[in-house]
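Numbered from 1 within each chain, the chains take letters A, B, ... in sequence-line order. The analysis underlying the following values was restricted to heavy atoms, covering all of them including side chains, and did not include hydrogens, waters or symmetry mates.
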Amino acid sequence: AQSVTQPDIHITVSEGASLELRCNYSYGATPYLFWYVQSPGQGLQLLLKYFSGDTLVQGIKGFEAEFKRSQSSFNLRKPSVHWSDAAEYFCAVGPTFTGGGNKLTFGTGTQLKVEL
Amino acid sequence: KAGVTQTPRYLIKTRGQQVTLSCSPISGHRSVSWYQQTPGQGLQFLFEYFSETQRNKGNFPGRFSGRQFSNSRSEMNVSTLELGDSALYLCASSLEASGTYNEQFFGPGTRLTVL
């Protein structure tokens with residue numbers, strides 16, 4: 001069965017510092033990979049996704065992620081964090097076969113705190 | 001275009017009662033998925049509906065059920081509520097264009113508290 005691991009439950013960074021959130025997955029093949037962000041009291045917003053091709057993907061709000069097949073990882077990065085980035089971040093995997101539906105398997109999330 | 005709408009936003013029930021949550025997808029979206037979010041278990045997939053048919057189902061007891069109407073609106077029902085059903089229930093809709101994965105757009109959720 002597929003699974004997603006986010007090893008860091010909480011991360012604190014200073015505003016302006018760089019950020020990397022880790023994500024590892026276990027799947028039978030290369031899955032579709034996603035990063036979502038959730039602000040308090042809100043639903044999930046898609047930051048970026050990887051389906052195939054270039055292993056470095058760009059997303060919204062200045063985020064990027066790199067897919068590394070050999071490490072089964074899909075880490076999220078941002079060069080300079082803004083106070084408004086404080087939120088919870090979720091990595092997720094989805095089915096790769098057409099007609100497989102839209103079921104997402106999520107990691108446990110990483111809570112990001114930004115110090116001013 | 002309006003986003004995914006979930007009603008009600010907050011709900012308080014007592015053990016043993018049943019509850020129905022509603023989700024209105026983005027106009028034109030035909031797939032609706034439901035997720036349960038709790039501090040202990042995180043985000044877990046409940047079920048997915050497409051064209052009024054359940055396409056995928058997560059590992060939840062039969063007390064959890066859902067349906068989709070011809071206008072793609074969806075409801076989920078939880079019967080015989082337990083304290084552990086307290087959670088944020090998220091609905092997501094997608095366009096469902098054939099041959100490609102469809103980005104899911106999430107609603108703000110319904111916060112259910114079971115006393």
Side-chain angles (χ1 to χ4, degrees), chain A residues 1-10 21 23 25 27 29-53 57-60 67 74 87-111, chain B residues 3-7 9-10 21 23-26 29-51 53-60 68 72 74 88-111:
Chain A
Q2 61 263 37
S3 65
V4 180
T5 301
Q6 293 181 248
D8 304 306
I9 299 174
H10 296 97
L21 302 182
C23 172
Y25 66 89
Y27 201 78
T30 300
Y32 292 152
L33 295 159
F34 307 85
W35 274 99
Y36 285 86
V37 61
Q38 185 178 37
S39 297
Q42 302 296 314
L44 299 170
Q45 182 182 23
L46 180 66
L47 286 175
L48 46 77
K49 57 184 182 287
Y50 173 78
F51 287 176
S52 64
V57 294
Q58 303 297 321
I60 62 171
F67 168 63
F74 188 57
E88 190 157 21
Y89 292 80
F90 294 92
C91 181
V93 301
T96 58
F97 50 97
T98 301
N102 295 314
K103 174 186 175 180
L104 291 173
T105 300
F106 287 90
T108 51
T110 297
Q111 186 71 48
Chain B
V4 177
T5 304
Q6 292 188 245
T7 57
R9 290 293 311 277
Y10 302 92
L21 312 181
C23 172
S24 293
I26 293 172
H29 284 196
R30 296 167 60 198
S31 167
V32 173
S33 298
W34 289 89
Y35 294 83
Q36 181 196 64
Q37 185 176 23
T38 61
Q41 299 298 317
L43 279 155
Q44 293 186 289
F45 173 79
L46 279 157
F47 28 64
E48 178 191 5
Y49 286 87
F50 173 67
S51 291
T53 301
Q54 188 179 86
R55 178 160 67 178
N56 278 310
K57 187 178 189 304
N59 189 27
F60 278 82
Q68 186 180 35
S72 295
S74 178
L88 180 67
Y89 290 88
L90 293 165
C91 166
S93 75
S94 63
L95 183 60
E96 206 63 24
S98 62
T100 183
Y101 189 87
N102 300 272
E103 178 181 346
Q104 294 188 73
F105 295 83
F106 283 81
T110 293
R111 172 73 63 185

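Looking at heavy atoms from C-beta onward, B:Tyr35 lies in side-chain contact with A:Leu104 at the 4.5 angstrom threshold. Using a 4.5 Å heavy-atom threshold, the side chains of B:Leu43 and A:Phe90 count as touching.
Heavy atoms closer than 4.5 Å to chain B are found nowhere in A:Gln45, neither backbone nor side chain. Within the 4.5 angstrom heavy-atom criterion, only side-chain atoms of B:Arg9, from C-beta onward, approach chain A.
With no hydrogens or angles considered, no side-chain donor-acceptor pair links B:Ser33 and A:Asn102 at under 3.5 Å.
Counting heavy atoms of neighbouring residues, nucleotides and ligands inside a 6.0 Å radius, atom CD1 of A:Ile60 exceeds 12 of them.
With sequence neighbours left out, A:Thr5 forms a side-chain hydrogen bond (donor to acceptor under 3.5 Å, both in side chains) with no residue at all. Applying the side-chain hydrogen bond (donor to acceptor under 3.5 Å, both in side chains) test to B:Gln41 and every residue at least two apart in sequence or in another chain returns nothing.
To the nearest 0.5 Å, atoms CD (A:Gln42) and CG (B:Leu90) are separated by 11.0 Å. Note that CZ of A:Phe34 and CD of B:Gln104 are 7.5 Å apart. Values are rounded to the nearest 0.5 Å. To the nearest 0.5 Å, the span separating NZ on A:Lys103 from CZ on B:Phe47 amounts to 13.0 Å.
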Please determine whether side-chain contact (heavy atoms from CB on, under 4.5 Å) holds for the pair B:Phe45 and A:Phe106, giving the CA-CA distance in whole Å, both sets of side-chain angles, and the decisive distance to 0.1 Å.
CA-CA 9 Å; B:Phe45 173 79; A:Phe106 287 90; over 6 Å; no

